[in-house]
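Bear in mind the structure is a predicted one, so any value in this text is a computation, not a measurement.
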Amino acid sequence: ATSCLITGNVSSGSTGGGGIYTSSTTTITSSEISNNNSAFSGGGIVNSGSGSMSLITTSVKNNNAGFAGQGGGLYNTANATITRSTISNNRATDGAAIANVNFAMPTSLTILLSTLSTNVATGNGGGLFNATGASASIDDSTITANIASNGGGIFRQNSVSMVGSI
């Protein structure tokens with residue numbers, strides 16, 4: 001998907017994904033995913049199963065993951081790469097910008113030259129919630145002005161590698 005606006009959508013089912021649910025290879029470029037709501041996890045996007053998702057120069061903003069939901073902007077249980085993108089003003093219980101959660105398959109997240117800002121989690125990880133068994137790498141990126149009860153910027157239960165980031 002290139003130059004798309006995905007906005008104002010609602011997911012009421014338990015798999016989530018207010019704006020997008022994917023479990024396959026997905027590339028989103030120069031797009032906006034905004035003002036979407038999920039009753040559960042993934043207010044903006046759910047990347048699940050054998051999914052391999054790339055966000056490139058994309059804005060993910062003003063999305064909401066519902067009651068006890070994780071991943072206001074992105075709920076990742078597969079492999080995701082975020083490049084030159086902004087994830088801002090999202091809300092969730094855990095991982096308001098991104099929840100990186102491992103279930104049955106290896107889960108990895110790479111963030112390059114991107115910004116996670118002004119996201120609000122009522123629980124853990126305003127910017128990033130990195131759960132047990134999930135790996136995350138953050139390079140040359142900014143995580144700023146996020147709010148959470150625990151770990152305003154990052155709440156990690158597993159390793160997070162950071163290089164050249166603020």
(request) For residues N119 and I147, determine if any side-chain heavy atom of one lies less than 4.5 Å from a side-chain heavy atom of the other. (result) no
(message) Return the CG to CZ distance between N37 and R91, rounded to the nearest 0.5 Å.
(response) 11.5 Å
(message) Can a donor-acceptor pair be found, under 3.5 Å and without considering hydrogens, that links the side chain of T115 to the backbone of S117?
(response) no
(request) State, yes or no, whether a side-chain contact exists between I6 and I20 at a heavy-atom distance under 4.5 Å. (result) yes
(message) If you define the side chain from C-beta out and look only at heavy atoms, does anything of V10 sit under 4.5 Å from N36?
(response) no
(message) Please tell me whether I143 and F155 are part of a single hydrophobic cluster in this structure, the criterion being side-chain heavy atoms less than 4.5 Å apart.
(response) no
(message) Does any part of the side chain of T57, heavy atoms only, come nearer than 4.5 Å to the side chain of T29, both counted from C-beta?
(response) yes
(request) Using only heavy-atom distances, determine whether the side chains of N76 and N100 contain a donor-acceptor pair under 3.5 Å. (result) yes
(message) Could you measure the distance from the CG atom of L74 to the CG atom of L128? Nearest 0.5 Å is fine.
(response) 9.5 Å
(request) Indicate the atoms forming the closest heavy-atom contact of G95 with A121, along with that distance. (result) N-CB, 4.3 Å
(message) Taking N124's backbone N and O only, do any of them form a donor-acceptor pair with D94's side chain (distance below 3.5 Å, no angle check)?
(response) yes
(message) Taking I98 as the starting point, is it possible to reach I33 by hopping between hydrophobic residues whose side chains are less than 4.5 Å apart?
(response) yes
(request) To the nearest 0.5 Å, tell me how far I154 CD1 sits from L116 CG. (result) 8.0 Å
(message) Minimum heavy-atom separation for A65 and G42, please, with both atom names.
(response) CB-N, 4.1 Å
(request) Mark yes or no for whether S114, through its side chain, and S85, through its backbone, hold a donor-acceptor pair below 3.5 Å. (result) yes
(request) State whether the side chain of N102 and the backbone N or O of G133 hold a donor-acceptor pair below 3.5 Å, judged by distance alone. (result) yes
(request) State the CE-OG distance between M162 and S141, to the nearest 0.5 angstrom. (result) 8.0 Å
(message) With heavy-atom distances below 4.5 Å as the criterion, would you say the side chains of N35 and N63 are in contact?
(response) no
(request) Find out if a path of hydrophobic residues (ILVMFWY) with successive side-chain heavy-atom gaps under 4.5 Å connects V60 to V46. (result) no
(request) Could you state whether I138 and F129 fall into the same hydrophobic cluster, counting links through intermediate Ile, Leu, Val, Met, Phe, Trp or Tyr residues with side-chain heavy atoms under 4.5 angstrom apart? (result) no
(request) State, yes or no, whether a side-chain contact exists between N130 and Q157 at a heavy-atom distance under 4.5 Å. (result) no
(message) Please give me the minimum heavy-atom distance between A148 and G126, naming the atom from each residue.
(response) CB-N, 3.4 Å
(request) Go through the steps for L112 and D140 under the test side chain to side chain contact (heavy atoms under 4.5 Å, CB included), then give the verdict. (result) CA-CA 6 Å; L112 305 167; D140 300 316; over 6 Å; no
(message) My understanding is that only one of S108, S135, S52 makes a side chain to side chain donor-acceptor pair (under 3.5 Å) with N79; could you say which?
(response) S108
(request) Measure from the side-chain N and O atoms of T144 to the backbone N and O of T142, and report whether any donor-acceptor pair falls under 3.5 Å. (result) no
(request) Answer yes or no: is there a side-chain heavy-atom contact under 4.5 Å between I82 and I87? (result) yes
(request) State whether the side chain of T107 and the backbone N or O of A134 hold a donor-acceptor pair below 3.5 Å, judged by distance alone. (result) no
(request) Say whether, by atom type as modelled, one donor and one acceptor occur between the side chain of S41 and the main chain of Q70 under 3.5 angstrom. (result) yes
(message) Quick check for you: to the nearest 0.5 Å, what is the distance between L5 atom CG and S34 atom OG?
(response) 5.5 Å
(request) With I28 as reference, evaluate I56, T58, T2 under the side-chain contact (heavy atoms from CB on, under 4.5 Å) test and give the passing residue. (result) T58
(message) I'd like to know if V101 and Y21 are part of one continuous hydrophobic network [Ile/Leu/Val/Met/Phe/Trp/Tyr, side-chain heavy atoms within less than 4.5 Å].
(response) yes
(request) Specify the closest pair of heavy atoms between G127 and A97, including all atoms of both residues, with the distance to one decimal. (result) O-CB, 2.9 Å
(message) For N89 and T118, which I'm curious about, is there any donor-acceptor pair between the side chains at under 3.5 Å?
(response) yes
(request) Can you measure from CG (N47) to OG1 (T22) and round to the nearest 0.5 angstrom? (result) 6.0 Å
(message) Using side-chain heavy atoms (C-beta onward) and a distance below 4.5 Å, is N90 in contact with V120?
(response) no
